[in-house]
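To keep things clear, I will list the structure first and then write my remarks on it.
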Amino acid sequence: MKGLAAVIAAAAIVATAGSSEAGIGFRATGGLSHISYGDFNDWVDESNVSLAGTGEIDNMTWIPELSGEFYYSIGPMFELGAGAGMMWGKSDYSFTEGSDFVNYEHKMKAVPINATVYFRPSVPMAGIKPYLYGGGAMYYTKLDFLLNISDEAGIDAELSAWGFGFHGGGGMEFSIIPSLSFDLGFKVRWASIDGFEGTATDFEGESKDVYLAGYTDNEGHWHYTPELATHKGEYDEGKVDLTGYTIYIGLKAGF
């Protein structure tokens with residue numbers, strides 16, 4: 001009997017060591033994020049009024065998001081997580097009439113580098129573990145603007161910036177096996193990035209330094225576009241507002 005008890009105890013220790021709730025592990029998630037993207041979407045809403053009958057430029061609101069992180073348990077109810085993710089979106093517009101055409105495309109890619117604290121309250125639900133979390137992230141964000149007008153004018157610009165944001169949320173983990181669980185969660189993000197700079201190549205192949213501008217002109221029209229760096233004191237800077245929320249699913253594996 002003592003030998004059997006020893007075997008059972010050893011098995012329990014091994015199972016606990018490999019649990020997705022203890023020690024070190026990895027979490028991968030994927031979902032859809034709803035972002036404000038305010039300056040750009042404000043410009044889109046105004047521009048679409050003047051494009052009546054020739055199509056529309058798409059707002060950028062729902063975009064995919066992927067993330068992965070390593071975590072470390074620091075107690076029965078707390079974990080530390082560190083990792084990175086990716087968010088990306090695209091908006092475009094195309095119009096052709098005879099030999100005249102307009103092609104416009106805007107792409108955004110953001111890479112958040114996250115640090116997160118998880119709190120897991122002890123609740124009597126076998127196989128189901130709720131959690132809450134909060135943290136911060138550094139966001140490397142890259143923007144691309146492409147505009148071609150009837151083989152007579154155009155610009156191809158690439159800008160980037162770093163910025164800081166906060167996130168928090170909660171979810172539920174559903175145990176599959178002791179070392180693996182299914183994750184369903186909700187995240188809220190606060191992140192507004194500015195200071196975008198880069199280069200733009202015009203229709204004639206000349207490259208110039210630019211920055212992201214967001215301003216209202218003398219006629220009351222809103223602009224959100226790369227402007228020459230020499231105009232930086234003349235036009236206000238534009239922002240990339242990633243504030244919003246994410247609905248995600250994922251897997252969590254313990255080592």
Side-chain angles (χ1 to χ4, degrees), residues 19-41 58-91 107-123 125 127-143 160-176 180-194 239-254:
S19 172
S20 63
E21 303 170 15
I24 300 174
F26 183 78
R27 178 186 293 103
T29 63
L32 285 176
S33 295
H34 185 280
I35 59 174
S36 170
Y37 219 61
D39 283 357
F40 176 79
N41 285 337
D58 298 325
N59 284 111
M60 200 179 298
T61 50
W62 287 101
I63 63 173
E65 179 175 358
L66 300 174
S67 66
E69 67 173 357
F70 290 95
Y71 68 85
Y72 177 71
S73 297
I74 57 175
M77 293 188 292
F78 289 94
E79 288 177 356
L80 297 178
M86 182 177 292
M87 311 165 62
W88 67 94
K90 184 178 78 169
S91 175
K107 294 189 291 185
M108 182 277 295
K109 182 183 294 183
V111 179
I113 301 174
N114 305 300
T116 308
V117 177
Y118 292 86
F119 170 64
R120 303 179 179 281
S122 179
V123 293
M125 293 189 295
I128 301 177
K129 300 293 182 181
Y131 63 88
L132 300 171
Y133 64 91
M138 289 297 299
Y139 289 80
Y140 173 74
T141 308
K142 178 183 172 184
L143 306 177
S160 62
W162 284 90
F164 186 74
F166 296 95
H167 57 267
M172 303 284 288
E173 290 179 2
F174 303 87
S175 179
I176 301 173
L180 184 67
S181 61
F182 172 77
D183 199 353
L184 176 63
F186 182 84
K187 175 167 64 179
V188 179
R189 173 187 291 107
W190 299 269
S192 183
I193 317 299
D194 57 14
K239 297 182 179 180
V240 170
D241 193 352
L242 300 176
T243 300
Y245 57 89
T246 306
I247 302 170
Y248 62 84
I249 59 174
L251 291 174
K252 177 185 178 186

Quiz prompt | Phe186 CZ: over 12 foreign heavy atoms closer than 6.0 Å | solution = yes
Practice problem: Determine the minimum heavy-atom distance between Ser122 and Met77, stating which atoms define it. | Solution: N-SD, 3.7 Å
Exercise. Start with the C-alpha distance between Ile176 and Leu251, add both sets of side-chain angles, then the distance that settles side chain to side chain contact (heavy atoms under 4.5 Å, CB included), and finish with yes or no.
Key: CA-CA 10 Å; Ile176 301 173; Leu251 291 174; 4.2 Å; yes
Quiz item: Closest heavy-atom contact between Ile63 and Trp88?
Solution: CB-O, 3.2 Å
Quiz item: In Å, rounded to the nearest 0.5 Å, how long is the span from CG of Leu80 to OH of Tyr72?
Solution: 9.0 Å
Self-check item: From CE (Met60) to CE (Met108), nearest 0.5 Å
Solution: 5.5 Å
Self-check item: Working for side chain to side chain contact (heavy atoms under 4.5 Å, CB included), residues Asp183 and Tyr131
Solution: CA-CA 10 Å; Asp183 199 353; Tyr131 63 88; 2.6 Å; yes
Self-check item: Which residues share a ring pair (Phe, Tyr, Trp, His ring centres under 6.0 Å) with Phe164, sequence neighbours left out
Solution: Phe166
Exercise. Assess whether side chain to side chain contact (heavy atoms under 4.5 Å, CB included) is satisfied between Phe40 and Ser91, documenting all intermediate values.
Key: CA-CA 10 Å; Phe40 176 79; Ser91 175; 3.7 Å; yes
Quiz item: Just how far is it from atom CD of Glu69 to atom CD1 of Ile113, taken to the nearest 0.5 Å?
Solution: 13.5 Å
Quiz item: What closest approach, in Å, do Thr246 and Ser33 show between heavy atoms, and which atom pair accounts for it?
Solution: OG1-OG, 2.6 Å
Quiz prompt | Partners meeting side chain to side chain contact (heavy atoms under 4.5 Å, CB included) with Ile128 (sequence neighbours left out) | solution = Met125, Met172, Phe174
Quiz item: Should Thr29 and Lys187 be marked as a side chain to side chain contact (heavy atoms under 4.5 Å, CB included) after you check the CA-CA gap, both sets of side-chain angles, and the distance that decides it?
Solution: CA-CA 11 Å; Thr29 63; Lys187 175 167 64 179; over 6 Å; no
Quiz prompt | Test: Arg27 cationic atom under 6.0 Å from Tyr118 six-membered ring centre, within 45° of axis | solution = yes
Quiz prompt | Near-ring test Phe26/Tyr71, centroid separation under 6.0 angstrom | solution = no
Quiz prompt | Minimum heavy-atom distance between Leu184 and Ile249, given as atom pair plus value | solution = CD1-CG2, 3.8 Å
Exercise. Say whether, by atom type as modelled, one donor and one acceptor occur between the side chain of Thr243 and the main chain of Ala191 under 3.5 angstrom.
Key: yes
Quiz prompt | Rounded distance [0.5 Å steps], CE in Met87 versus OH in Tyr139 | solution = 6.5 Å
Quiz item: So Tyr245 and His34, would you call those rings parallel, tilted or perpendicular, with 30° and 60° as cut-offs?
Solution: parallel
Practice problem: Using the test side chain to side chain donor-acceptor pair (under 3.5 Å), find all partners of Asn114 that sit at least two apart in sequence or belong to another chain. | Solution: none
Quiz item: Is a donor on one side and an acceptor on the other found under 3.5 Å between the side chain of Asn41 and the backbone of Ser36?
Solution: yes
Self-check item: Lys239 atom NZ, neighbour heavy-atom count above 12 within 6.0 Å
Solution: no
Quiz prompt | Closest heavy-atom pair and its distance - Ser181, Ser175 | solution = CB-CA, 4.0 Å
Quiz item: At their closest point, which heavy atom of Glu79 faces which heavy atom of Ile74, and how far apart are they?
Solution: N-CG1, 4.2 Å
